[in-house]
Amino acid sequence: QVHLVESGGGLVQAGGSLRLSCAASGRSFSRNPMGWFRQAPGKERAFVAAITSNSGSTYYADSAKGRFTISRDNAKNTLYLQMSSLKPEDTAVYYCAAIWKHFVPDNRSYYQLNEYDYWGQGTQVIVSS
């Protein structure tokens, strides 16, 4: 059975940093694009960042550019999101996700929630002002 398990969330002051991890089990995701989404209270789940299988390309929401870095370690079957200069508006539950297809012909797909087939249970990030 496939599992994606996020960790690393918590409470941090504005301006601080956190590193989220997503450990995959049940199968290798080394050939699958992966991404991070987040859902703030009362809002829809939104794209944060994505990365291709070989880390050759990364994609970011405007809100994440310059502050967040997505990376992966295929040997460890683990996805990461390094977040810095955190703001109260970054408060949300953060989810990792994976796309079943190995190749995504349209880069716009990385930004689309419904393109992702596997999801973790989420990890809470709270940024205090």
Side-chain angles (χ1 to χ4, degrees):
Q1 192 170 2
V2 174
H3 290 287
L4 298 176
V5 180
E6 302 93 338
S7 61
L11 174 64
V12 63
Q13 288 188 332
S17 299
L18 279 176
R19 188 196 195 201
L20 305 183
S21 298
C22 172
S25 62
R27 57 158 286 181
S28 171
F29 284 91
S30 63
R31 298 179 64 189
N32 299 89
M34 299 187 74
W36 288 96
F37 287 75
R38 68 185 183 186
Q39 188 165 15
K43 295 188 177 181
E44 294 185 350
R45 196 170 298 189
F47 171 78
V48 175
I51 188 168
T52 54
S53 59
N54 63 357
S55 303
S57 296
T58 55
Y59 305 87
Y60 294 94
D62 287 343
S63 60
K65 287 178 183 176
R67 300 188 301 127
F68 294 2
T69 302
I70 189 171
S71 62
R72 65 191 296 164
D73 185 336
N74 286 339
K76 295 182 178 179
N77 218 17
T78 301
L79 178 71
Y80 303 100
L81 184 68
Q82 178 68 47
M83 305 186 294
S84 60
S85 302
L86 283 163
K87 306 174 183 180
E89 50 264 45
D90 294 319
T91 295
V93 178
Y94 284 71
Y95 299 89
C96 73
I99 296 176
W100 178 79
K101 293 178 292 188
H102 293 167
F103 174 67
V104 177
D106 186 345
N107 290 344
R108 290 174 294 181
S109 297
Y110 290 113
Y111 299 83
Q112 304 300 319
L113 184 148
N114 59 7
E115 290 289 332
Y116 291 78
D117 304 287
Y118 302 96
W119 290 88
Q121 83 292 346
T123 185
Q124 177 75 57
V125 172
I126 299 174
V127 184
S128 63
S129 57

So how far is it from [X] [atom1] to [Y] [atom2], rounded to the nearest 0.5 Å?
X      : Y     : atom1 : atom2 : value
Cys96  : Arg72 : SG    : CZ    : 10.5 Å
Ser129 : Gln13 : OG    : CD    : 9.5 Å
Asn54  : Arg31 : CG    : CZ    : 11.5 Å

Quick check: do [X] and [Y] have side-chain heavy atoms less than 4.5 Å from each other?
X      : Y      : result
Val125 : Asp90  : no
Thr91  : Gln124 : yes
Val12  : Met83  : no
Asn32  : Ile99  : no
Val5   : Ser25  : no
Glu6   : Gln121 : yes

Enumerate the ring pair (Phe, Tyr, Trp, His ring centres under 6.0 Å) contacts for residues 60-95, please, sequence neighbours excluded, ordered by first and then second residue. none
Looking at every non-hydrogen atom in both residues, tell me the closest pair between [X] and [Y] and how far apart they are.
X      : Y      : value
Pro88  : Ala14  : CD-CB, 4.1 Å
Pro33  : His102 : CD-O, 4.1 Å
Tyr116 : Tyr110 : OH-O, 2.6 Å
Phe29  : Ala24  : CD1-CB, 3.4 Å
Ser21  : Thr78  : CB-CG2, 4.4 Å
Arg45  : Leu113 : CB-CD1, 3.4 Å

Test log, rule side-chain contact (heavy atoms from CB on, under 4.5 Å), inputs Met34 and Leu4: CA-CA 11 Å; Met34 299 187 74; Leu4 298 176; 4.1 Å; yes
Mark yes or no for whether Ser84, through its side chain, and Arg67, through its backbone, hold a donor-acceptor pair below 3.5 Å. yes
Donor-acceptor pair, Asn74 side chain versus Ser53 backbone, under 3.5 Å? yes
Step-by-step side-chain contact (heavy atoms from CB on, under 4.5 Å) determination, Tyr59 to Ile70: CA-CA 9 Å; Tyr59 305 87; Ile70 189 171; over 6 Å; no
Would Val48 and Leu18 show up in the same hydrophobic cluster when neighbours are defined by side-chain heavy atoms closer than 4.5 Å? yes
State plainly whether one hydrophobic cluster holds both Trp100 and Val2, where clusters connect Ile, Leu, Val, Met, Phe, Trp and Tyr through side-chain heavy atoms under 4.5 angstrom apart. yes
Does atom NZ of Lys76 have more than 12 heavy-atom neighbours, drawn from other residues, nucleotides or ligands, at distances under 6.0 Å? no
Asp62/Lys65 salt bridge by N-O under 4.0 Å criterion: yes
